[in-house]
2 protein chains.
Amino acid sequence: MILLSTLTFSTTIFAQTWIWYPGDYEIWLGNKMNNRRTERGAFFPPFWKTDSHFVVVEFSKQLNLPQPEEIEIAVEGTFNIKLDGKLQFGMPTRFKLPAGIHSLNIKVWNQATPPTIFVNGKTVKSDRTWRVTYEDKEWIDESGKASDTSATVYLDADCWNFNTKDQRPSLYQLPRKPMEAVTSERKRDGILYDFGRETFGYLVLKQLKGNGTVNVYYGESSEEALDTEHCETLDRVLLSTADSYTFSNSKAFRYIYVVTDKGISVDHVEMDYEYAPVDYRGSFRCNDKEMNRIWEVGAYTMHLTTREFFIDGIKRDRWVWSGDAIQSYLMNYYLFFDSPTVRRTIYLLRGKDPVTSHTNTIMDYTFFWFLSVYDYYLYTGDRHFVSQLYPRMQTMMDYVLGRTNKNGMVEGMTGDWVFVDWADGYLDKRGELSFEQVLLCKSLETMSLCADLAGCAQDAEKYNNLATDLREKLLPAFWNEKKQALVHNRRNGQQSESITRYSNMFSVFFGYLDQSKQQAIKHSVLLNDSILKITTPYMRFYELEALCSMGMQTEVLKEIKAYWGGMLREGATSFWEKYNPEESGTQHLAMYGRPYGKSLCHAWGASPIYLLGKYYLGVKPTKPGYAEYAISPCLGGLEWMEGTVPTPQGDIYVYMDQKKIRVKSPGGKGYLSIPSSKGIKVVEIPAGKEVEFKY
Amino acid sequence: MILLSTLTFSTTIFAQTWIWYPGDYEIWLGNKMNNRRTERGAFFPPFWKTDSHFVVVEFSKQLNLPQPEEIEIAVEGTFNIKLDGKLQFGMPTRFKLPAGIHSLNIKVWNQATPPTIFVNGKTVKSDRTWRVTYEDKEWIDESGKASDTSATVYLDADCWNFNTKDQRPSLYQLPRKPMEAVTSERKRDGILYDFGRETFGYLVLKQLKGNGTVNVYYGESSEEALDTEHCETLDRVLLSTADSYTFSNSKAFRYIYVVTDKGISVDHVEMDYEYAPVDYRGSFRCNDKEMNRIWEVGAYTMHLTTREFFIDGIKRDRWVWSGDAIQSYLMNYYLFFDSPTVRRTIYLLRGKDPVTSHTNTIMDYTFFWFLSVYDYYLYTGDRHFVSQLYPRMQTMMDYVLGRTNKNGMVEGMTGDWVFVDWADGYLDKRGELSFEQVLLCKSLETMSLCADLAGCAQDAEKYNNLATDLREKLLPAFWNEKKQALVHNRRNGQQSESITRYSNMFSVFFGYLDQSKQQAIKHSVLLNDSILKITTPYMRFYELEALCSMGMQTEVLKEIKAYWGGMLREGATSFWEKYNPEESGTQHLAMYGRPYGKSLCHAWGASPIYLLGKYYLGVKPTKPGYAEYAISPCLGGLEWMEGTVPTPQGDIYVYMDQKKIRVKSPGGKGYLSIPSSKGIKVVEIPAGKEVEFKY
């Protein structure tokens, strides 16, 4: 494990790179992300606490130099340098280190952007091996001697990929490239431009002549762009003759409706497309063209919503939401395997102490945050990240445990948003929801695992005991023998009559139920049309995962084609926040009581990416970082399929048709499950060469 | 009480003024203050956690307008405006409010400086009646309805005196005025300038000719300025021909030694004196010229160290230290009565949650912070401030109580600085120090009083119980019957043999001892020369206060003349950080193992200001905000004295000679103690006119 994690970071550990206090750059950059939301021209920041970076940070490194060495120093902030505790004059950009054993400290103050440093010498380079603290407690006594710093908490510095002096982290921007509209058409007083599909970036007006106001109405649909009174985003700006004007705030759109004052004309409209520079490492192809299109549109949806962080959707919030993010992470493991963006998003969602509310104010989103940390470890093997994060996991769990009732269960208290899902029917949010208890239980198990990874055996036992206690209460509290299902909630100790899918499906793939109860739930809930249907791709993700985990890939494939294929048939070029096949026309655009409130490019819309990689190509880690993994391919009714799944060691290739399976694996211990008339046969597969198995 | 507190704020409550989240502007400005420290040209920030402002803050106000009204809006930060929950377009500088009942919200994001707003309309004005939060929890449900904000914590907005649109809080600077050196003299390679007395500001070089480096060595003494290798502060800058160059960083000095390269000449040197624009409301004069000079130099010392905050000293740290600050506050109540600077300093010292160390890392300084809050209330009557601060007092006390041992006592743990005093002898810092327990006990009493003020009766009882428990343990734990004194400490349940002055003198004026023990301590400790002497004005403050509280003004006056008079005879133009009469010559300049480490202008040096006002003029509040107060003048060997003491109602004037007392009081219920042959006679004095009493 340790070897793997070293491998994962080898590109950054020994190269000079800009470094900072873990989580601080991430939180600061996240504030820029979350505060880019606008609603009809008004700034719209989040409603939860916005944290910020530590404004004074000390970076330190113990040196042992065979030769004297000059280092180059770049810093974002006001700083000092101490060598062996002695302050050096000024803020030097070069500094000569003597040979021998020395301690080097750089202390930085920066209110506006995170304190960051870049050090480059022959052997002394800023990297993850530097230690950082926000509180060095280096007081001096009357004799001038430095005092007790034994309680000072140090972490390892964090970094990304800013590896040259000029790549100042605070200046980071995603790359852009110009793109043109596909068609334009005069409509009423203005011109409607169509960029051909959902996109994201900065509108550029060219060859402006005259003076006057330019109004721009953005639409994910043409209806939205043309509905100047109700479209969700717009710009209005007073301009005069110029070659070009680029709007400073990015927007999501497929359509643009430009209406100008009489005094001004705009000859040409284009855009700067802004995108995350990710690689499409995961892939999927099969004989079914609709499925291929679903995968492609899912991947594009993921690409648009993968930005500095994994955001919910590109038009409206552009916020980082925990329940949305955990699905992005999981899809990401089957598409980009972009681990830095996962880590950044996890840091941002956690924020800083003190914890004053649930993650994004939502109880269930707190639990998804815990779960996402262990998922990350399982896919990447990055134990170091978990160790550094662990203290923040503890204080987050302290907050949760401080809000449990006498049964050790959570109930919505004032200020808690009990979300569950956007449902087309009544969901009772009062009392003890079985869904929330199941997630809390899994969160406690996660805490126990992570405590262990952080080397805190006592904590691991404590959380394990709490998880076990709660797990043992779940069935007595919520199982209804008559209904053969977990009921939705319990109020004042009384089970409700209501059955919903949520806790039932999670219990299935969390393995909280024995085989007989799983089978019971399959019929009493999952395949029971009288139970309130799920109409968000968000919860369909888990619903279909539950069915896949019970081996129902054939049924799920049909469902994917019906549901995601349904969106495609409605003209989707990216997948939506919500889709109810029973609605029609512009009903599909409305949400939150607003005619265009719905996001038509929402990360959680892309879940086939995950399902196809994990349950059809059938690849998943069984030990952290794919040290060991399973390949259990399943056609689920397809004639053939092939694809790749990214891992820390490289990409795993899988091909399957009705007669044979071919795999190629880059490393780790892989176990292939081959169907046969006698059941499943498991074979270990060699690394580095393609092998074929007939069945 | 409520009436008084309204009176205190009447000037700001109903006028438009820039407002912010309480404590946030103070903490941000404090970071600028604390980070101005340099040591020989190196930036030197504090070693405790530097907190920062909430970067997103929502300001709200419920309106009931008889007429529509247009407001002018200025904001530091990116902002939005919501009227009745509806977002408005853009970031308007003027906005029309309709008549009727409405809710107005302004939400601001600012990473670099605190979110602040200024609103000015005919009746709608930003002031302390606005509510603020960093977390409004205004989520919407699927229907677009705003959800449960019932757990959102609001505070009242805070402000200072930025009452016009252009006075942006983030641009605040203390005023400056040019001042000239008194003498200049060529010394070795440069010129030594003498500004005549200790001063503070920005050096200005005039009529520069040529090119080259200018080296400036600052000294509180001529020895320091001339000792270019060891002076504490210096500047080195490459300059060329110019009319004038002003250094950007302020310095403290009396002497400047300027040494230039051959290539450059500086024709003239002056300075921009920087100062707090305070009124000298307190005053003291008597027949003894030395005492008058002591008061004047004390007042000047206080003026130099009263800046944006009450700092320790002007040369070296310029940091805000809690133990230093509480004395500044007390002196301030007898000199400037500058309450905003007290509040700012209290906010800055507290910082933000989570609490990760003692105040300034020092255990005793945490306790002085608690004590200072109630002092502030007693002198000002500002209950509102205590209520707003109370949650931060609670979390600070939670930190303390989380670090008590099985006896409910505090012992230094790793990372705790147990300071007590800079002593010229060994002070054991291990185990349970009686000094720390006495301060903890008083802190718990303070918490109980403040909980009551904040309307938290249950808390008040809890803290009172804790205080009572601890107080009952003090004598059994520390009283040594043989030595007739509290011992210094106890280790593993064993009293040490050591007696120091600290806990004994605090127990006296905290009233923790009965009369017989007080008298015993007077002889066994306070007047006992074999007990380790105090050589800082810091602890002499309390030592002399203890003696004064026992009626020993005559002895204390002699002591003041000896000690503070001693500094004057050594040439002091401001009072020092430490003074040991047994030292001589340049020994007086050294500290912390550095030849000029000692600060020669240290706030805690000015304590006669407090002693003369409280125990000679004899004025002190007996009910909060001087609603009731005592005047108990005491000549202490003087022939006559007169002076003024500021109060929220105005200044109290007191004159006393050996035959009569004259007082004039502006309001409140004043009780004058008049000495007579039959003992003390107390009379209530009328407000608004001078009255004379013969005795």
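Reminder, nothing fancy here: chain letters follow the sequence lines and each chain counts from 1.
The nearest pair of heavy atoms linking B:Glu138 to A:Phe47 is N-CB, 3.5 Å. Annotation for B:Ala112 and A:Ala112: closest pair CB-CB, 3.5 Å, computed over non-hydrogen atoms. Heavy-atom minimum distance, A:Asp51 versus B:Val55: O-CG2, 3.9 Å. The nearest pair of heavy atoms linking A:Gly415 to B:Ser150 is N-OG, 4.3 Å.
A donor atom on one side chain and an acceptor atom on the other are not found under 3.5 Å apart for B:Thr113 and A:Gln111.
Side-chain contact check for B:Lys49 versus A:Phe54: some heavy-atom pair is nearer than 4.5 Å. The side-chain heavy atoms of A:Val108 and B:Pro45, taken from C-beta on, include no pair separated by under 4.5 Å.
Note that CH2 of A:Trp109 and OG1 of B:Thr50 are 9.0 Å apart. Values are rounded to the nearest 0.5 Å. To the nearest 0.5 angstrom, A:Arg40 atom CZ is 7.0 Å from B:Lys86 atom NZ. Interatomic distance, B:Arg36 CZ to A:Thr78 OG1, rounded to the nearest 0.5 Å: 12.0 Å.
Of the residues considered (B:Phe89, B:Trp417, B:Tyr134), B:Trp417 shows the highest number of contacts with chain A, using heavy-atom pairs under 4.5 Å. Across B:Thr395, B:Asn360, B:Asp353, the residue that shares the most heavy-atom pairs under 4.5 angstrom with chain A is B:Asp353. Put simply, of B:Glu39, B:Lys32, B:Arg236, B:Glu58, the one with the most heavy-atom pairs under 4.5 Å next to chain A is B:Arg236. With respect to chain B, the highest number of heavy-atom pairs below 4.5 Å among A:Ala151, A:Ser52, A:Pro46 belongs to A:Ala151. In terms of heavy-atom pairs under 4.5 Å with chain B, the best-connected choice from A:Trp139, A:Phe44, A:Trp28, A:Trp48 is A:Trp139. Comparing B:Ile140, B:Thr356, B:Val56 by how many heavy-atom pairs each has under 4.5 Å with chain A, the most go to B:Thr356.
If you measure heavy-atom distances from B:Lys82 to chain A, you find no contacts under 4.5 Å at all. Using a 4.5 Å cut-off between heavy atoms, B:Phe79 touches chain A through its backbone atoms (N, CA, C, O) alone. Contacts between A:Ile362 and chain B at a heavy-atom distance below 4.5 Å are absent for every atom of the residue. For A:Lys352, no part sits under 4.5 Å from any heavy atom of chain B, backbone or side chain. Looking at B:Arg594, the atoms closer than 4.5 Å to chain A (heavy atoms on both sides) all sit in the side chain, from C-beta outward. Neither the backbone nor the side chain of B:Asn110 comes within less than 4.5 Å of any heavy atom of chain A.
Proximity of a side-chain donor or acceptor of A:Lys107 to a complementary backbone N or O of B:Phe43 within less than 3.5 Å is not detected.
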